[in-house]
Amino acid sequence: MKHHLAQLVSTALATLQEAGTLDALGADVIKIDRSRDRAHGDFACNVALTLAKSAGRKPRQLAEQIVAALPPSALVVKVDIAGPGFINFYLAPSAYHQLIGAILQTGQQYGRSDVGQGQAVQVEFVSANPTGPLHVGHGRGAAYGATVADLLAAVGYRVHREYYVNDAGRQMDILAASVWLRYLDLCGETLPFPRNGYKGDYVWDIAATLHREQGDALRFEAERVVADLPPDETAGGDKEQHIDALIARARELLGDERYRQVFDLGLNTILADIRQDLHEFGVDYEQWYSERSLNESGAVERAIERLKQAGRMYQRDGAWWFRTTDFGDEKDRVVIRDNGQQTYFASDIAYHADKLERGFDRVIDVWGADHHGYVPRVKAALQALGEDPGRLEVLLVQFAILYRGGEKAQMSTRSGEFVTLRELRHEVGNDAARFFYVMRKCEQHLDFDLDLAKSQSSDNPVYYVQYAHARVCSVMKQLAEKGLQHDQDRGNRHLDRLHEQHELDLMIALSRYPEVVETAAVAHEPHQLAQYLRELANGFHTYYNAHQFLVDDHDLRDARLNLIVATRQVLHNGLTLLGVSAPESM
RNA sequence: GCGCCCGUAGCUCAAGCGGACAGAGCAUCGGCCUUCUAAGCCGAGGGUUGCAGGUUCGAGUCCUGCCGGGCGCGCCA
């Protein structure tokens, strides 16, 4: 529709140019917008305002000339000029009537498009360390990332969803040590648990599995385990030094192979749990990418070597530094520590280089906003490697702040005091959780009131939208109970019977859907779709209350049923994109 | 101190690329169920968009400076 109107204006401008009343101008200046206010028609064009200056005349005068030159259109009943010089278009109801038929015909395809033109986009999201179950903070990244990915797929991108598994590195060693200590406890050894260890119940569960499978095979006397360790923080020492020494002790006593068994049991158990958790949440991936595999394949070394060859690396204080300041970072970053170990950044350089090498046209990372300081250095790495950093887009998701009983609830994986995503899903349901998480812009803090979310009250807008869907289903059930049939063709032939204001409003809302999907996808703003669905549901509920659908008049009844079935279809399509179910009854 | 994000109704948030009188929900007050689900609808009140400048025909939106809040600033991940 916008395109059609832009064509009309374009033709008018060309006519004026030929007549010599207007200078030549770029073709992209014509912008057609939906009018917010019904009093301003259906669509508006501001071209007269933008061209007034260069044309050297008053906006309203120019608008009049343009309007006079507009070719006629069957879809436009009226054009007028308003305000400072807006050209307002009033559409014929028939313009919307064709839409109903189109929605019914295209069904689940309605709203999908190919603006992405098959470009390959990788979306990496969640990627939480597999050191414990996902908590509600990860849930937001999961819902947001999944919805952005689904939206992009809906508008014609080839989407590759990926979870980067941090299965190497110190945090995993801390987990392994934590599991082993709990295991020793189950064996009957008595020893203190480190301040920095993972204290959640799941660690006990993994330890129990270990004990069941291995018996006492990994058991060592408590005295040998703690012998000569630097003191923990609780004993006036440094908790980091203490845990590192404990990890080293575990390696030493268990040996590589048995240590790896403990490590892998922890990793695999938690990863399987995360995968299952996300799957139940409607979040699935094309690929789970192992950080360890980057080390094993030599990809990290190769990336570092490339940086060295590019002259971006230097040694200082025994460590290797990457001169990220060459690319605008605030300070240089260590890639290889003085003890010879790579930093996390080293794998990340290799990982991002690998992403681009895999041929994605665009790469999107969804990160927690607390990682924002990391963006410049990753972009610097890509630039130093000769890649275009513009291909990487980092979307930062602000924290979801939990409130319980009106007070902030603290979250910490280590202390074990946190609300898991699974708990949340079980308490408020997947639908409410998915919808709630994406209702706000990602850069906006999310106040997640657990009590409210758990209360199952109608405050939660997801019910409002789902209810609209269920209501249409209910009407159709009533129809069947009355022994009546819905004749879609008859309805299509009599769409001109739909001339009530409520009906026009609803049709206008339906016509907006493809635009909303496209904008939400391109801008990575799922909340626009959530917002839209609420408005659409409101349009339906209003219509429902104002008019009877199951009337005796066949023609009118079928036309109205066509409209509400089309509405149901759009509600269904939109909810599905958000990962929310569209129930037939509630 | 430096960097990123945020500041809109009592509360939680919207406002497509800068567009016309800034919109919803919750809460408050008042109406609507013998008729398709009242998990709904209709109406009312509620605003100097943190402050001060600037750019523009036009600014919640862009620029500058303040004020307030969150986050980050490790040879952690």
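Keep in mind it's a predicted model, so treat the numbers as computed, not measured. Numbered from 1 within each chain, the chains take letters A, B, ... in sequence-line order.
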Side chain to side chain donor-acceptor pair (under 3.5 Å) evaluation trace for H524(A) with E393(A): CA-CA 11 Å; H524(A) 316 309; E393(A) 202 170 348; 3.2 Å; yes
What's [X] touching, base or sugar-phosphate or nothing? Going by heavy atoms closer than 4.0 Å.
{"X": "A82(A)", "answer": "base"}
{"X": "D329(A)", "answer": "nothing"}
{"X": "W321(A)", "answer": "base"}
{"X": "K441(A)", "answer": "sugar-phosphate"}
{"X": "A470(A)", "answer": "base"}
{"X": "A44(A)", "answer": "base"}
{"X": "H502(A)", "answer": "nothing"}
{"X": "N166(A)", "answer": "nothing"}
{"X": "R34(A)", "answer": "base"}
{"X": "Q548(A)", "answer": "base"}

Establish, with yes or no, whether the OP1 or OP2 oxygen of [N] is under 4.0 angstrom from a side-chain nitrogen or oxygen of [X].
{"X": "Q444(A)", "N": "A14(B)", "value": "yes"}
{"X": "Y351(A)", "N": "A77(B)", "value": "no"}
{"X": "R337(A)", "N": "C76(B)", "value": "yes"}
{"X": "K331(A)", "N": "G3(B)", "value": "no"}
{"X": "H445(A)", "N": "G7(B)", "value": "no"}
{"X": "R471(A)", "N": "A38(B)", "value": "yes"}
{"X": "N538(A)", "N": "C41(B)", "value": "yes"}
{"X": "T542(A)", "N": "C42(B)", "value": "yes"}
{"X": "R440(A)", "N": "C13(B)", "value": "yes"}

Parallel, tilted or perpendicular, as decided by the 30° and 60° cut-offs, for the rings of Y351(A) and Y289(A):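 Answer is tilted, since the angle falls between 30° and 60°.
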Aromatic plane relationship, H572(A) with H469(A) - under 30° parallel, 30 to 60° tilted, over 60° perpendicular: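 H469(A) and H572(A): tilted rings.
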Taking only the [atom1] atom of each, what is the distance from [N] to [M] in whole angstrom?
{"N": "G16(B)", "M": "G60(B)", "atom1": "C1'", "result": "15 Å"}
{"N": "C6(B)", "M": "G50(B)", "atom1": "P", "result": "13 Å"}
{"N": "G30(B)", "M": "G18(B)", "atom1": "P", "result": "45 Å"}

5'-to-3' dot-bracket of RNA chain B (Watson-Crick, G-U; under 3.5 angstrom; crossing pairs as [ ]; | other strand): (((((((..((((.....[...)))).(((((.......))))).....(((((..]....))))))))))))....
Base of A39(B) and ring of Y464(A) stacked, centres under 5.5 Å, planes under 30°: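 No, Y464(A) does not stack on the base of A39(B), since the centre distance and plane angle fail the 5.5 Å and 30° test.
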H40(A) over A20(B), stacked by centroid distance under 5.5 Å, angle under 30°: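 Per 5.5 Å and 30° rule: yes, stacked.
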Working for side chain to side chain donor-acceptor pair (under 3.5 Å), residues Y463(A) and D431(A): CA-CA 9 Å; Y463(A) 293 116; D431(A) 287 342; over 6 Å; no
Report the distance from atom [atom1] of [X] to atom [atom2] of [N], rounded to the nearest whole Å.
{"X": "I174(A)", "N": "A77(B)", "atom1": "CD1", "atom2": "P", "value": "10 Å"}
{"X": "R170(A)", "N": "C75(B)", "atom1": "CZ", "atom2": "P", "value": "13 Å"}
{"X": "L529(A)", "N": "C13(B)", "atom1": "CG", "atom2": "P", "value": "20 Å"}
{"X": "M439(A)", "N": "U12(B)", "atom1": "CE", "atom2": "C1'", "value": "9 Å"}

Within-4.5 Å side-chain heavy-atom neighbours: H242(A) and R195(A):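 In short, these two side chains do not touch, never coming nearer than 4.5 Å.
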Working for side chain to side chain donor-acceptor pair (under 3.5 Å), residues N166(A) and Q171(A): CA-CA 9 Å; N166(A) 298 122; Q171(A) 294 306 317; over 6 Å; no
Within 6.0 angstrom of Q501(A) CD, more than 12 heavy atoms from elsewhere: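 Result for CD/Q501(A): enclosed.
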Nearest-nucleotide comparison on RNA chain B, the residue closer to the 5′ end among V475(A) and V334(A):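 Its nearest nucleotide lies further toward 5', so the answer is V475(A).
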